[in-house]
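To start, the structure under review is shown below, and the notes come after it.
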Amino acid sequence: MNAVTIDGPAASGKSSVGYEAARRLDFLFFDTGILYRAVTWAVLQQGISVADSEAVGQVAEQTSIDITAPTRDHRDGRQVTVAIGDNDITWAVRTPHVDQNVSIVAANRLVRQALGEQQRSIGLRHGSGAGGKSGIVMVGRDIGTIVLPEAPLKIYLDAPVDERARRRQQELAARGKETDIARVLADMQQRDEVDSERAIAPLRPADDAHQIQTLGLSIPQVVDKIIALAQTHLEVGPATPLDQTAPRGGGAAPH
Ligand code: CDP
């Protein structure tokens, strides 16, 4: 199986690093956080309380989330286009309002059941090479522990919380959203706490995960470490060189 799992707390660099690693390995990139964010967006949009477990679970079961490659019209830094029906929610799922509510939604048993099964079948299909690409890079919180524990290469990215808050603030600023660093930090600490302490699929490194501390490392440096591990853990040929022109979604450091 050719599968790389990348887990870690908020803004530890999973998406930027995972996207670039997948590009170099020519694997499918799948950011599972998007699904939890999209369900949260739908819940908020329908005026449902995130505390109403049954209603939130129903939204997860009934909402069809489309994730597609961006077209030429979308040169705004997006990795993928996220849509529900006719609504392009690519950026709507990245607002502070969704950030503040997503962890409660993601702790919901019905939500995890509905989304977890879909993720596992996508991981198995693309990890076996049956999906057009020769492998998959899957990013999230519980991918190495619960969703795809048989993956031959598991990564856990981390960085101190104030560094991660700085990265998230930069990322928001790059999209024209000025935010208060203290607020970003507080929201992030709250989200990490809920993600780590929830009963089902809490955030933690798998026993056999390679832990990478990303403080002081650039995105290409972290990607290089993962590519080196991929050469020994997966059935891959030489990876394509780093594309210096590829968008990395913000600053020099992972976010
Ligand atoms: O980009 P960032 O790390 O801030 O967040 P994300 O990866 O988009 O995930 C958003 C939220 O979804 C997390 O805070 C978790 O509550 C939830 N999530 C999860 O529970 N399990 C996953 N596999 C991925 C995300």
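What you see is a predicted model; the values in this text were computed from it and never measured. Both counts, for ligands and for their atoms, begin at 1 and track the order of listing.
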Closest non-hydrogen protein atom to [atom], residue and atom name please, with distance?
atom: atom 10 (C) of ligand 1; value: R191 NH1, 3.5 Å
atom: atom 3 (O) of ligand 1; value: K14 NZ, 2.7 Å
atom: atom 21 (N) of ligand 1; value: R112 NH2, 3.0 Å
atom: atom 8 (O) of ligand 1; value: R37 NE, 2.6 Å
atom: atom 23 (N) of ligand 1; value: D142 OD1, 2.8 Å
atom: atom 16 (O) of ligand 1; value: D195 OD1, 2.6 Å

If you measure from the Lys or Arg side-chain nitrogens to the Asp or Glu carboxylate oxygens, is any gap between [X] and [Y] under 4.0 Å?
X: D195; Y: R141; answer: yes
X: R37; Y: D99; answer: yes
X: R112; Y: D142; answer: yes
X: D31; Y: R94; answer: yes

Numbered atoms and elements of ligand 1 in range of [X], under 4.0 angstrom, heavy atoms:
X: T32; answer: 22 (C), 23 (N), 24 (C)
X: R198; answer: 16 (O), 19 (C), 20 (O), 21 (N)
X: S103; answer: 14 (O), 16 (O)
X: I143; answer: 23 (N)
X: A106; answer: 16 (O), 17 (C), 20 (O)
X: V102; answer: 11 (C), 12 (O)

Out of Q119, R168, R141, indicate the one that has the non-hydrogen atom closest to atom 1 (O) of ligand 1.
->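 The residue whose heavy atom sits nearest atom 1 (O) of ligand 1 is R168.
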
M188 heavy atom under 4.0 Å from ligand 1 | no

Would you say A11 touches ligand 1, if touching means a heavy atom closer than 4.0 Å?
-> yes

K14 side chain vs G8 backbone, donor-acceptor pair below 3.5 Å |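 At least one qualifying donor-acceptor pair exists.
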
Is the closest side-chain donor-acceptor distance between [X] and [Y] under 3.5 Å?
X: D76; Y: W91; answer: yes
X: Q100; Y: D187; answer: yes
X: T90; Y: D88; answer: yes

Y36-ligand 1 polar pair, N/O distance under 3.5 Å |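 So ligand 1 has no N or O lying under 3.5 Å from an N or O of Y36.
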
Step by step, work out the side chain to side chain donor-acceptor pair (under 3.5 Å) result for T214 and R167.
-> CA-CA 12 Å; T214 67; R167 293 175 186 172; 3.0 Å; yes

Which residue pairs pass the salt bridge (Lys or Arg N to Asp or Glu O under 4.0 Å) test with at least one member in residues 115-138, sequence neighbours excluded?
-> D26-K133, R120-E150

